[in-house]
Amino acid sequence: MLTPLIPQSQLDLPENLQNSEQIQPLVVAISLSNFVKNTLQKQPELLHQWIEQPPSIENCGHYASRLDELLTAVENEEQLGRELRLFRNREMAALSFIQSNKLGSVEFVFQKLSDLAESLILAARDWLFERCCQEYGTPMNSLGEKQELLILGMGKLGGRELNFSSDIDLIFTYPDAGETEGGRKPIENSKFFTRMGQRLIKALDEITSDGFVYRTDMRLRPFGDSGALVLSFAAMEDYYQEQGRDWERYAMIKAKILGEDSQNLNHRYLKQMLRPFVYRRYLDFSAIQSLREMKQKISREVVRRNLTDNIKLGAGGIREVEFITQTFQMVRGGRDKILQERSLLTVLPRLAQLGLLSAEQVTKLHNAYIFYRQIENVLQAIDDKQTQTLPTDQQDQERILYACKSYQQQVLGTQNSQWVEHDFTNWSEFLQKLAAYQNEVRQIFNEIIGEEETEDDNPLNEKLAEWKDILHFEIAQDDLADVLKNYPSVQENDYETIYRQFLTTFQDWVKRPIGGRGRSVLRNLMPKIADSIFQREDYLVLLPRLINIVDKITTRTTYLELMLEREQILPQLLTLSSQSVMIAEQIARYPMLLDELIANRGLTQVLELENYQSALQDYLIRIPEEDEEALIDALRQFKQTHILRIAAADILGVLPVMKISDHLTYLAEAIISAVVNMAWKQVAKRFGEPEHLEAGEQGFAVIGYGKLGGIELGYNSDLDLVFLHNAPENSQTIGGKKEISSHQFYLKLAQKITSIFNLNTSAGVLYEIDMRLRPSGEAGLLVSTVTAYDFYQKNEAWTWESQALVRARCVYGADSLKQAFEHIRQSTLALARTSGQLRQEICEMRQKMYQHLSSPSEEKFHIKTDQGGITDIEFIAQCLVLEHSHQHPQMAIWSDNVRIFDSAVECGILTLEDGEELKRCYTSLRNKIHHLNLLRKESVVEATEFIAERAFVGKMWQSIFT
């Protein structure tokens, strides 16, 4: 026996009705629904109307005409919202009254709920259309025809199966592009209908003191939340022809044009346009697998969200009845036209007519579905809340028992109704009856959709399945949070950041022409990537880097398949990308580098130093000499491939810092050699070759300064170059289309070399090159003779230029030129210098650099420019060379700092301890810079780092320069 929630004494009834049996239906309605009680309290006049004329199936309905009359007096949108809400609550309460008192069948109730929703939506639409036309003008097409907003009601609204507290799924569309007429300023139809659509959603969805009309969901529209709110027919057609997916076909089965009019040409055209997308002409068995995957996703969602006792999503529940029915509609609806219906209850008996299900199976599905819907409607009518979960509250359980012990349902395939009686007397017996229905539905479902799902013993597969469920363009934040909770390393306050990263990415991907095959690969690849990333502590670093890589190959299915099928790629990619944003960006820009990750050789083995040049020659042989663009691209590809290998060897600890620089330097030298020869052939083809040369000679040398000269290149180093030649004063070229002086030839050669290096394409430049260390700097010639270079270094060079010469090397040229340069270098460095003046000039230069290049901070240490850093160590080495080479020629042999310090120890200039410690400090600082380069970070660390190294370098500076 239900206890009334409002005692009769509190109902404010006329005295003659206080104990009358006439009031009992009202008591039942209130007892079964808090919503009814609240509505009567807020609208007391409704109570008196019901007493005079209780709700019944005869006086229920006619919503559209009643709303039209009601809204004629509405003057503004605030008043519109209030009237819609009050009307909705009155009519919903009346339908709850009818349901609670078993005055109408289950089908009658949800059909009337659907009619009510349709009427409210259309009434709001029509009122707002007139208001928008007053404000913006009337939308017209190019033929001068008035345009209208058509609304597709999806899901249960479209099928006339709405629940008491359902969301409504809508899609907005309009026929043709054009602009408004009659307003102050014409606007495009798309803007008109978008503004109108936004106002319509607000009118329905906004929660006010009067509640809401309907929670409105627009995510079923093309492109979901990332798509336009309203689309023209043409845009809709393009989308569904090119990008529509199986789940959208499934949803579109129930799509109904609200207020559909068979005489309306726009309505007829829209239906004809959508029908081929939903119903294929052939038997479409591929839909079964798609539906199976959708159902598996729902099942995993039930587990993930702990949705126990859910009559909709649980095994054998409402959703499985819907899946069974709509599977046949998707597979056979194109051929069997009688299946092209929106209502599940209309389609069910036709499945028996076609022999697709037995009459017994159809009856079981029908009876189970009605039983579920009765429970669902009673549940939602209690508090006007969208729920399908069985109650744990005893009073709500009693409400379910009362409502479901007996109820009306239509006889299968007819309009007649019959009473259904159940014999349960308590909640336990109710659950037994429910389980019986669920078992029957589940058995049929497994026969139609697939074998009964079995738990996979591999937890990884289950986790990947969960990721697969949520990683799509409509990704929900709550679903993502549920999955991320399974990863102990992921912090809850990072969920929002992760969600935004995924959401932005997927909304972009859905608009790309990825193709069916590519999207299928992505659906399997992204779960693996996500699972791998969130097992790590550095997930926030890795997520954008890996997404960026995948983003760049979404339309290149071959690379997607490569990442998916070659299991060794992803772990290596994670390792490299976590420690190097440079590598991650390079792979994103040049996906061919993924090939390097297939075999371990690409990570653990680099070329022998002496093999870079021959390997590059072999790489270029396949390209025609005359195809300059292809040759330059090949040079870049070679460089990128080998920098990836070198960086991988660095990150994995295969090579020490000194060897890393060696490899980067030898790689650069090989490319310099190839560029010079490429430029030589092109210049010589036009102008011939200098006449003083013997066959095979070039008489040209490239001098490398700085890190290139010191065999200390980093990942981001530019190349400091100087060009020399040995042409006599009056030499000419011979054998070309046009003869010029040899000096002009070498100038054009130098210009061509720089243009090849500096050519900026989508892949960037080959290397940044700097020519400012040539004699007289930017004011000097681009290329000098050996003799002029010698004279300049010995007679005109500043001290800082002599310092630079310490770290100079001939990196390209014949042996004779290399020997000539080395003689110039060593003899220049060995010139006697006044120690005090030399040290003073070096200190002044260092002070200028410190003032202009360094930004001192107590919290940070700039490894290169701050005191105690790389520059100080380099200046110490240069001072030792310039000060002592005239007495110790060995000091002028080497151009790299480490061997300079070794030479200083051998010559007794430094103690062994000081020399070793200087080398350790230098290599430690360089190693840190290398790794910061890989992360695309500046050479700056916390001031608490390298304290001992900085102190020692400072001590050595003081001992040498004071």
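Counting begins at 1 with the first residue of the sequence. Bear in mind the structure is a predicted one, so any value in this text is a computation, not a measurement.
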4.5 Å side-chain heavy-atom contact, Tyr174 and Ser190:
yes

Is there a donor-acceptor pair closer than 3.5 Å between any side-chain N or O of Ser578 and the backbone N or O of Leu574?
yes

Step by step, work out the side chain to side chain contact (heavy atoms under 4.5 Å, CB included) result for Met196 and Phe172.
CA-CA 10 Å; Met196 178 183 163; Phe172 296 157; over 6 Å; no

Gln477 and Glu496: side chain donor to acceptor below 3.5 Å:
yes

Charged N-O contact under 4.0 Å between Lys385 and Asp383
no

Quickly, which of Asp167, Asp169, Ile121, Leu170 forms a side-chain contact (heavy atoms from CB on, under 4.5 Å) with Thr216? Name it, please.
Leu170

Met236 vs Pro222 side-chain heavy atoms within contact, under 4.5 Å:
yes

When you measure from the side chain of Glu248 to the backbone N and O of Leu220, does any donor-acceptor pair fall under 3.5 Å?
no

Under a 4.5 Å cut-off applied to non-hydrogen side-chain atoms, are Met92 and Phe35 in contact?
yes

Backbone of Ala584 reached by a side-chain donor or acceptor of Arg545 within 3.5 Å:
no

Quick check on the 6.0 Å ring-centre criterion: do Phe502 and Trp509 meet it?
no

Main chain of Arg442, side chain of Asn446: is a donor-acceptor contact present, judged purely on distance under 3.5 Å?
yes

Any donor-acceptor pair under 3.5 Å linking the side chain of Ser226 with the backbone of Phe223?
yes

Full working for side chain to side chain contact (heavy atoms under 4.5 Å, CB included) between Arg536 and Leu542
CA-CA 9 Å; Arg536 300 172 57 113; Leu542 276 170; 3.1 Å; yes

Decide yes or no on side-chain hydrogen bond (donor to acceptor under 3.5 Å, both in side chains) for Thr554 and Arg512, but give the supporting numbers first.
CA-CA 8 Å; Thr554 52; Arg512 293 189 188 175; 2.8 Å; yes

Tell me if a side-chain donor or acceptor on Asn163 pairs with a main-chain N or O of Ser166 at a distance below 3.5 Å.
no

Stepwise salt bridge (Lys or Arg N to Asp or Glu O under 4.0 Å) check, Arg342 with Glu161
CA-CA 10 Å; Arg342 293 184 294 269; Glu161 300 160 350; over 6 Å; no

Should Asp396 and Ile400 count as side-chain neighbours, where that means a heavy-atom distance under 4.5 Å?
no

Set out, in order, the CA-CA distance, both residues' side-chain angles and the distance that settles side chain to side chain contact (heavy atoms under 4.5 Å, CB included) for Leu560 and Leu564, then state yes or no.
CA-CA 6 Å; Leu560 292 174; Leu564 178 64; over 6 Å; no

Is it true that, when you exclude Gln501 itself, more than 12 heavy atoms of the residues, nucleotides or ligands shown sit nearer than 6.0 Å to its CD?
yes

Within the structure provided, determine whether Trp467 and Leu480 are in side-chain contact (heavy-atom separation under 4.5 Å).
yes

Are any side-chain N or O atoms of Ser33 and backbone N or O atoms of Ala381, one a donor and one an acceptor, separated by less than 3.5 Å?
yes

Would you say Lys528 and Asn524 are linked by a side-chain donor-acceptor pair, where the criterion is simply a distance under 3.5 Å?
no

Minimum side-chain heavy-atom gap Phe534-Leu543 below 4.5 Å
yes

Charged N-O contact under 4.0 Å between Glu376 and Lys312:
no

Quick one about Gln535 and Asp531 (side-chain donor to acceptor, distance below 3.5 Å, no hydrogens or angles considered), yes or no?
yes

Test salt bridge (Lys or Arg N to Asp or Glu O under 4.0 Å) applied to Arg125 and Glu118, step by step:
CA-CA 10 Å; Arg125 179 199 67 177; Glu118 183 170 358; over 6 Å; no

Going by an N to O cut-off under 4.0 Å, is there a salt bridge joining Asp393 and Arg399?
no

Leu270 side chain reached by Leu152 side chain, heavy atoms, under 4.5 Å
yes

For the residue pair Tyr250 and Phe323, does the interplanar ring angle fall in the parallel (under 30°), tilted (30 to 60°) or perpendicular (over 60°) class?
tilted

Would you say Arg215's side chain and Ile168's backbone share a donor-acceptor pair under 3.5 angstrom?
no

Can you give me the closest heavy-atom contact between Ala368 and Val441, atom names plus distance?
CB-CG2, 3.6 Å

Any side-chain to backbone donor/acceptor pair from Asp225 onto Arg219? Under 3.5 Å, distance only.
no

Should the pair Glu585-Arg589 be classified as a salt bridge under the 4.0 Å nitrogen-to-oxygen rule?
no

If every non-hydrogen atom of Ala251 is compared with every non-hydrogen atom of Met154, which pair is closest and at what distance?
O-CE, 3.6 Å

Measure from the side-chain N and O atoms of Thr389 to the backbone N and O of Asp309, and report whether any donor-acceptor pair falls under 3.5 Å.
no

Can you tell me how far the CE atom of Met526 sits from the CG atom of Leu546, to the nearest 0.5 Å?
8.0 Å

Can you label the angle between the Phe110 ring and the Tyr369 ring as parallel, tilted or perpendicular, going by 30° and 60°?
perpendicular

Minimum heavy-atom separation for Gly316 to Tyr372, with atom names?
O-OH, 2.5 Å

Does Arg88 count as lying over the ring of Tyr214, i.e. NZ or CZ under 6.0 Å from the six-ring centre, within 45 degrees of the axis?
yes

